[in-house]
Amino acid sequence: MIITLKDGSTKEYASGMSVLDIAADISEGLARAACAGEVNGEVVDLRTVVDEDVELNILTFRDQAGMDAFRHTASHILAQAVKRLYPGAKLAIGPAIELGFYYDFDMDRALDNKDLAAIEKEMNAIVKEKLDIERFELPRAEALKLVEEMGESYKAELISDLPEDAVISFYKQGDFVDLCAGPHLMNTKEVKALKLISTAGAYWRGNEKNKMLSRIYGTAYNKKSDLKEHMVRLEEAKKRDHNKLGRELEIFTTSEVVGQGLPLIMPKGAKIIQTLQRYVEDEEEARGYEFTRTPVMAKSDLFKISGHWDHYKDGMFVLGDEEKDDEVYALRPMTCPFQYMIYKAKQRSYRDLPVRYSETSPLFRNESSGEMHGLIRVRQFHLADAHIMCTPEQVEQEFKDVVVLVQDMMQAIGIVNDVTYRFSKWDPEKTDKYIDNPDAWHTTQNVMRKILNDIGLEYEEADGEAAFYGPKLDVQFRNVHGKEDTLFTIQLDFALSERFDMTYVDKDNQKKRPYIIHRSSIGCYERTLAMLIEKYAGAFPLWLAPTQLKLLPITDNQIEYCRNIKKTLRGYGIRVDIDERAEKIGYKIREARMERIPYLAIVGQEESENNSLAIRSREKGDEGSIALDDFIKRIADENASKYIYHQHMIEESK
RNA sequence: GCCGACCUGGCUCAAUUGGCAGAGCAGCUGACUUGUAAUCAGCAGGUUACCGGUUCGAGUCCGGUGGUCGGCUCCA
């Protein structure tokens, strides 16, 4: 047989060889590093015997699949340790994940940090025991019998759900046997650097109707130094956590008596949001949006028409009692139907379209108590919301323009490279969640896919992530804990113009249904602020910084000069503070640095005499004396750089 | 909503088996008037999240409520 390797070279063998043997034949080092193999594109075990011509790639810890095999083995070591310490624990599942692995157990007691330390100790003992890991297969009936004898009811359920013809494999290391498709390493001794991170609850099979199991998260590396680095990175990430930093920097706070999920935005946070909002609304207006101001509540009837009452009543703040009151109101969870009413307030001609209505919209959603998180998931928030009503011919261009708008916003706040795109689609299985109209789903999804491909956007597709009324393009970001959330969204809606009986009169004098695009430009201000805090670790870009320049007089003699400078700079829209306290200059600098203020100006006698500022910038440190006029120009230029649409226009006119 | 952890001055943290709630920073007052990351001194600050229980005695033990955090589920 002939084996073709990744680099195109070939090896020839007379008889069948295991992947590991072939790796050893290539080099001893490769065999040592090998975690799994890839045969004709399929990830396999190192034990897999190859006996025909194939393309083979040896996977090490550097390959994602190799790393997964490695960490999957770590999860088995975790399971073995748990079984040794708590024989009553039942095994559920234990895969590798992006930054490590987990294993779910059904335990009769809760685990605390001491337990975690004990389990980790036992895991290290298992590594030291250098147990060989063996793979074996069993016919279905025998496999079932084996797991039932072991009392592993969850494993039995997994086997029962496998297709009739499925290969059922097990892995054994010492006294521990686990149902598992693999692949796995050859011996427990390879897992030299492991660490248990945390415990958590998780529903069996991810379904909240099932029992909640105990999940243990951990991570593993093939080098101790890499593990240490990983732990340092986790610590560093925690320092950027918006929920901690945002409070330290006095951007927001919360109060028990106000309530959960209701953050109080403090002056610095409010300044950032105001700055952002002015910018967003300027950009939107420049691109043909009009603004509306609609009520924060409505009669339940409105939400019944839209379908939100059926889908999300539990998640709405309802005012009144449906049983007793003639009229029940609800705080609005979204803006759509309000703007539709404005659309419907007069007859629309095809000549009027597209109509683009924007609103910085306060929204209220009664999220479950466990869902709230800092500024990322809250019960009241402000969405940079808009709805575009257009003809079928216009929808493609309108959608593309929205993508450009969103990308310009991301460029302005500097996060273009921190996001991923998700094409969120319908799931035909979830009949209770989605409007039952397969034709419309296929049509709109195809329209959207065509647009995305035209733009050349890199995106992943996700089934079952669409809104109930149509597919979405979601812009996703990760917080410091690695958790992904939707930052911005653009949605194609095929259902609501029908429900609200929205029309326009076309050229042929016929009434027709407009297409509707729902979109957020900069998303929800609270969430975007959270993301910015984490992205910049509190050191906001100049144009967003609540204070852009802090004047630090060296003695009281310079205070008057500083106050005059402040007045002048305010005239140019520059946000300036003065530290008038009788403190030493080093102390004032230290505090201002901790506040991450972009520019500090040390003002002594020299500066006050020749109308200058001794600038200390956040990035460069001490820059020496600069004439006031030069400094104003520098800040003004930096401040204006965010107006990307204006730049587009200037480019075009050239 | 579910699983688990946590909650002590504004912040960071102490307080032995249940035995007088304390420190640093921040704040206030005063002195100092200083040239690029912490000047000195004094003062004040607490129903230990809240409610209840056990106890001679609770920050500490038990129960409940609220909030925060990490997950799970959900996210129009």
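Below, chain A is the first sequence line, B the second, and so on; all start at residue 1.
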Undergrad: Can you check the A/Arg618 CZ to B/U36 C1' distance for me, whole Å?
TA: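 Result: 17 Å.
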Undergrad: Under a 4.0 Å N-O cut-off, is there an ion pair linking A/Arg513 with A/Asp501?
TA: yes
Undergrad: Shortest non-hydrogen contact from A/Ala89 to A/Lys83?
TA: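 Taking every non-hydrogen atom into account, O-NZ, 2.8 Å.
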Undergrad: Please measure how far the C1' atom in B/U39 lies from the corresponding atom in B/C50, and state the result in whole Å.
TA: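 Nearest-Å result for B/U39 against B/C50 at atom C1': 42 Å.
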Undergrad: Partner lookup for B/G30, please. Criteria are Watson-Crick or G-U wobble with both distances under 3.5 angstrom; report none if nothing qualifies.
TA: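 Partner of B/G30: B/C40.
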Undergrad: Of all of residues 517-537 of chain A, which get a heavy atom below 4.0 angstrom from RNA chain B, listed by number?
TA: none
Undergrad: In terms of side-chain geometry, is the basic nitrogen of A/Glu591 or A/Lys550 positioned less than 4.0 Å from the acidic oxygen of its partner?
TA: no
Undergrad: Send over the distance from A/Glu606 CD to B/U36 P, rounded to a whole Å.
TA: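 Those two atoms, CD and P, are 12 Å apart.
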Undergrad: Considering only nitrogen or oxygen atoms on both sides, find all protein atoms under 3.5 Å from nucleotides 3-13 of chain B and state each distance.
TA:
| from | atom 1 | to | atom 2 | distance (Å) |
| --- | --- | --- | --- | --- |
| B/C3 | O2 | A/Gly201 | N | 3.1 |

Undergrad: Can you measure A/Asn366 atom CG to B/C75 atom C1' for me and round it to whole angstrom units?
TA: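 Interatomic distance, CG of A/Asn366 to C1' of B/C75: 13 Å.
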Undergrad: Using the side-chain heavy atoms of A/Ala582, tell me which of these nucleotides is nearest: B/C72, B/U36, B/U33.
TA: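 Closest of the options to the side chain of A/Ala582: B/U33.
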Undergrad: Using ring centroids (six-membered ring only for Trp), state whether A/Phe500 and A/Tyr340 fall under 6.0 Å.
TA: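 Ring-ring flag for A/Tyr340/A/Phe500: true, centres closer than 6.0 Å.
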Undergrad: Quote, to the nearest angstrom, the P distance that separates B/U55 from B/G66.
TA: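 Approximately 28 Å lies between the P atom of B/U55 and that of B/G66.
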Undergrad: Could you identify the nucleotide paired to B/G45, looking across every strand shown and requiring Watson-Crick or G-U wobble geometry with both distances under 3.5 Å?
TA: none
Undergrad: In whole angstrom, what separates A/Ile305's CD1 from B/A76's P?
TA: 21 Å
Undergrad: Would you call A/Trp204 and A/Asp106 a side-chain contact if the rule is heavy atoms closer than 4.5 Å?
TA: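 Not touching, per the 4.5 Å side-chain cut-off.
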Undergrad: Write down the distance separating the P atoms in B/U48 and B/G10, rounded off to the nearest Å.
TA: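 Nearest-Å result for B/U48 against B/G10 at atom P: 13 Å.
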Undergrad: For the pair A/Glu583 and A/Arg590, find out whether any cationic side-chain nitrogen is under 4.0 Å from an anionic carboxylate oxygen.
TA: no
Undergrad: Could you work out the separation of B/U54 and B/C61 based on their C1' atoms and round it to a whole Å?
TA: 8 Å
Undergrad: Under 4.0 Å between a side-chain N/O of A/His308 and OP1 or OP2 of B/A76, yes or no?
TA: no
Undergrad: Per the atom types in the model, does the base of B/G71 pair as donor or acceptor with the side chain of A/Glu371 at under 3.5 Å?
TA: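 Checked by distance alone, the answer is no.
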Undergrad: Answer with base, sugar-phosphate or nothing: what part of the nucleic acid does A/Gly307 contact at a heavy-atom distance below 4.0 Å?
TA: nothing
Undergrad: Expressed in whole Å, how much space separates the C1' atoms belonging to B/G19 and B/A15?
TA: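 12 Å, rounded to whole Å.
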Undergrad: Using a 4.5 Å cut-off on heavy atoms from C-beta on, say whether the side chain of A/Ile119 contacts that of A/Met123.
TA: yes
Undergrad: Is there a donor and acceptor pair, one atom on the side chain of A/Arg365 and one on the base of B/C74, closer than 3.5 Å?
TA: no
Undergrad: Atom CD1 of A/Ile589 to atom C1' of B/U34: distance rounded to whole Å?
TA: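 That distance rounds to 12 Å.
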Undergrad: In whole angstrom, give me the gap between the C1' atoms of B/C13 and B/C56.
TA: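 These two C1' atoms come out 32 Å apart once rounded.
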Undergrad: Over how many whole Å does the gap from A/Lys433 atom NZ to B/A76 atom C1' extend?
TA: 10 Å
Undergrad: Taking the same atom, C1', in B/G45 and in B/U8, what whole-Å distance lies between them?
TA: 14 Å
Undergrad: For B/U68, what is the paired nucleotide under Watson-Crick or G-U wobble rules, both distances under 3.5 Å?
TA: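 Looking at the geometry, B/U68 pairs with B/A5.
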Undergrad: Taking atom C1' in both B/A49 and B/G9, what distance in whole Å separates the two?
TA: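 B/A49 and B/G9 have their C1' atoms separated by 14 Å.
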Undergrad: Show the numbers, then the answer: is there a ring-ring contact (aromatic ring centres under 6.0 Å, His included) between A/Phe105 and A/Tyr103?
TA: CA-CA 7 Å; A/Phe105 304 95; A/Tyr103 212 110; 5.1 Å; yes
Undergrad: With a centroid cutoff of 5.5 Å and a plane-angle limit of 30°, would you call A/Tyr587 stacked on B/A38?
TA: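 Aromatic stack with B/A38 absent for A/Tyr587.
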Undergrad: In whole angstrom, what separates A/Asp314's CG from B/C74's P?
TA: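 Distance check: A/Asp314 CG to B/C74 P gives 15 Å.
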Undergrad: What's the CZ-C1' distance between A/Arg581 and B/A38, to the nearest Å?
TA: 11 Å
Undergrad: Between A/Gln339, A/Arg332, A/His382, which is the residue that forms a side-chain hydrogen bond (donor to acceptor under 3.5 Å, both in side chains) with A/Ser361?
TA: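 Only one of A/Gln339, A/Arg332, A/His382 forms a side-chain hydrogen bond (donor to acceptor under 3.5 Å, both in side chains) with A/Ser361, namely A/Arg332.
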Undergrad: Flag the pair A/Tyr343 / A/His387 as yes when their ring centroid distance falls below 6.0 Å, and as no otherwise.
TA: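 Ring centres of A/His387 and A/Tyr343 not closer than 6.0 Å.
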Undergrad: Using only side-chain N and O atoms of A/Arg593, determine if any of them is under 4.0 Å from OP1 or OP2 of B/A38.
TA: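 Negative; the distance criterion is not met.
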Undergrad: Would you tell me if any nitrogen or oxygen in the side chain of A/Gln260 comes within less than 4.0 Å of OP1 or OP2 on B/U68?
TA: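 Yes, such a contact exists.
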Undergrad: Indicate yes or no: does A/Glu236 engage A/Arg233 in a salt bridge with an N to O separation below 4.0 Å.
TA: no
